[in-house]
Amino acid sequence: MMLVCAIAIYFSVLGVGALEIDECTGMSKAMRRIKCKKVSKNELPEDWDIRDMKEKMYQNFSSVVQDQYTDLPYPPFSMSDMVREKNYYALAPDSYTRPIFYQHTNSLNILNHYLYKGQQMFDENFSVLAAGGGTGNSVSFLAEQLRDSSSSLTYVDLSKASMDIAKFRVQIRGLDNVKWVQNKIENIPELDLGKFDYIESTGVLHHLPNPDQGLEVLAQSLKESGAVNMMVYGTFGRTGTYQVQDLAKLINEDVTEKKDEVANILKVLESMIETFTEKSVARRLGPAFGEKLGEGSATATCNPGLIKHKRSMDRHLSRMLTYNKSPADLYDSFCHKQDRSYTVPQLYSFVRKAGLEIVKFSDMRDSVKLDLKHLVVEPEMKSKLMDFDLEHQEAIAELIDGTLHNHNVFLSKRKDTSASLDDNDMIPYIYGNPDGFKEQLAPVGSQKKSWSVQTSYWHRLSPYLGIFNFTVKMTDEVLQVLDQLYNNENKTLGEILNEISKKTDTPRIDIENDFKRFFLDVEHLNIILLRGRRTQDIKKKVG
């Protein structure tokens, strides 16, 4: 095992002695002395400096991780991927306004609604930091959306190999609005980069030797009115992944070549195809192959809305693990040498320690899973659980569901950052190109004053998010509000309510209350977003 070998050499140079496997979460005795703090003074050489040792250990971790992402740039981006993107931007007539891929949680529309009260113009020198930008998924998507603005983007990553790929991807999009910095997140305070309005760091901090330090650095780099988009691993949903990681450590002891490490773990998994099947362990082993979220009949999950949309029970575990995965994916999943995860309570503590607040769980699938009303719990018990504060509800939901492998969250230094319908000067608009959505909400048969609708929705811009089932109570006035949103995207809520009230002779307050209830029912779907009157229409930038 590469890290163990490195640490063994390191401690042997210091004269600590050979590594002996001991308890304390399976760590070697030498590692345990540092990380578990189980050490007595008489065990230490007289010249042992604990702080110095920790610093050198962190440097060692960082070096191993840097080597990994130099040899295996991440996220994986192959030559065929490069050719596909190059052809798209050279040949597609609408590539200027329609990025080749879409990132829901980095959409300017979503960011504006949840992080800037709908008032952000994404101009006037709006500044973005891609912290741990990898091969450029996020920085290229953000740069495309900010193409025609005076905004600036800064990319920071420790891997030159990853940065070179990201640079090329930005160049083939005809963009020059990114500053490139090869360095570590921990060194950002020394780089004089200034403070940022938006920081994106997904899948990065959990690989740092000291994630707390990393998030504190990002918080210090954030403007008071700024926001962070962060993703770190979730503990319970990665239970099976960590079991395979432990298996990889056992079979790869003394193996130093990354390709051999990956080959070894695949051979072991393939040898167990008769008993080690998806049906037995896959529920907690990572992302589902398509999910259907919201409301539905119960399946083999505690969440009735979490239904396997693409059945794969006949797929052996080894094939599921390797399905459409590159060596970089496999190594990052099962052979990574620096990897930690968080439960919901640990996540809140991690964020607050850096002086930040969680605005919301940004992935729509996560927000559904963490909402108790979507889980299979008897009504009486559910009512009692709903009496807990939001953090406790989310912690309970995480344990009941057990499938959250990532925590995608929006963070801010402020608590109140989302746009609200309480401000009638906000402009509500339909987002995500939900074809047929309004038609699904129309009454069936004779016209009624109110009716309930059970229907499904999928986000056309982000089909990977899966299908969402939901139930809403409709009224004719709510349907008229939706007609207004489809036909005119520049009217404020107040203007819409006044017009419908006058037309239908219905009290304005009744229409407003009905629409607010409808909005809350579908808010997790991000179908209707809000923006201020003075903000530019950013919808066209992301299709």
Side-chain angles (χ1 to χ4, degrees), residues 1-11 19 24-28 30-37 53-76 131-135 156-162 182-188 201-218 230-235 237-239 241-250 252-258 261-262 265 286 327-343 346-347 350 354 405-407:
M1 189 167 63
M2 195 158 121
L3 180 59
V4 171
C5 292
I7 295 174
I9 294 171
Y10 174 63
F11 280 102
L19 293 175
C24 187
T25 66
M27 293 179 183
S28 64
M31 253 317 261
R32 183 196 62 188
R33 287 173 173 164
I34 292 294
K35 207 157 187 179
C36 299
K37 299 179 182 178
M53 297 307 301
K54 285 186 177 180
E55 179 62 29
K56 289 179 180 178
M57 183 184 71
Y58 288 156
Q59 291 173 2
N60 182 274
F61 277 133
S62 183
S63 176
V64 170
V65 173
Q66 184 168 1
D67 287 345
Q68 174 184 332
Y69 291 126
T70 297
D71 294 342
L72 299 168
Y74 199 83
T135 54
V156 176
D157 198 282
L158 53 74
S159 167
K160 184 178 184 302
S162 294
Q182 184 196 349
N183 216 312
K184 300 175 184 178
I185 288 176
E186 298 93 328
N187 294 340
I188 286 177
S201 186
T202 54
V204 178
L205 296 179
H206 49 228
H207 291 316
L208 298 186
N210 187 345
D212 288 347
Q213 178 192 3
L215 186 55
E216 287 168 6
V217 165
L218 298 186
M230 178 186 77
M231 184 278 279
V232 292
Y233 290 147
T235 297
R238 286 176 60 82
T239 298
T241 296
Y242 289 130
Q243 291 169 350
V244 178
Q245 282 189 10
D246 288 342
L247 177 63
K249 292 173 185 176
L250 290 172
N252 281 326
E253 190 170 1
D254 298 328
V255 177
T256 58
E257 293 294 329
K258 296 179 181 64
E261 290 184 74
V262 171
I265 190 63
D329 262 323
L330 292 166
Y331 197 91
D332 197 74
S333 295
F334 308 125
C335 302
H336 207 293
K337 304 304 184 291
Q338 179 66 35
D339 177 339
R340 72 145 299 169
S341 60
Y342 297 82
T343 64
Q346 289 170 344
L347 180 69
F350 173 48
H405 55 281
N406 294 333
H407 291 307

Revision key, fill the gap. When every non-hydrogen atom of Asp157 is compared with those of Gly133, the smallest separation belongs to OD2-N, 3.3 Å
Exercise for review: Please answer whether the main-chain N or O of Ser333 pairs with a side-chain N or O of Gln245 as donor and acceptor at a distance below 3.5 Å.
Suggested key: yes
Check your understanding: Hey, does Leu208 have a side-chain heavy atom less than 4.5 Å from the side chain of Gln213?
Key -> no
Review point. Hey, is the main chain of Asp339 close enough, under 3.5 Å, to the side chain of His206 for a donor-acceptor pair?
Key: no
Review point. What distance do Tyr242 atom OH and Thr235 atom OG1 have between them, rounded to the nearest 0.5 Å?
Key: 6.5 Å
Practice item. Nearest 0.5 Å please: distance from the NZ atom of Lys249 over to the CD atom of Glu261. Key: 11.5 Å
Check your understanding: Are the side chains of His207 and Asp332 in touch, meaning some heavy atoms are under 4.5 Å apart?
Key -> yes
Point to revise | Min side-chain heavy-atom separation Ile265-Leu247 under 4.5 Å | key: yes
Check your understanding: What closest approach, in Å, do Arg238 and His405 show between heavy atoms, and which atom pair accounts for it?
Key -> CD-O, 3.4 Å
Practice item. Would you check if Arg340 and Gln346 make a side-chain contact, meaning some heavy-atom pair closer than 4.5 Å? Key: yes
Practice item. Give me the ring orientation class for Phe350 and Tyr342: parallel if the planes are under 30° apart, tilted from 30 to 60°, perpendicular past 60°. Key: parallel
Point to revise | Smallest separation among heavy atoms of Ala248 and Cys335, with atom names | key: CB-SG, 4.4 Å
Check your understanding: Between Ser201 and Ile185, which heavy-atom pair has the shortest distance, and what is it?
Key -> OG-CD1, 4.3 Å
Exercise for review: Could you tell me the separation between the NE2 atom of His407 and the OH atom of Tyr233, rounded to the nearest 0.5 Å?
Suggested key: 13.0 Å
Point to revise | Closest heavy-atom pair and its distance - Ser159, Ser162 | key: OG-N, 3.1 Å
Check your understanding: How close do Pro75 and Thr135 get, heavy atom to heavy atom, and via which atoms?
Key -> O-OG1, 2.7 Å
Point to revise | From CD (Glu186) to CG (Leu158), nearest 0.5 Å | key: 8.0 Å
Review point. Side chain to side chain contact (heavy atoms under 4.5 Å, CB included) with Met230: which of Val204, Leu347, Thr202, Leu218?
Key: Leu347
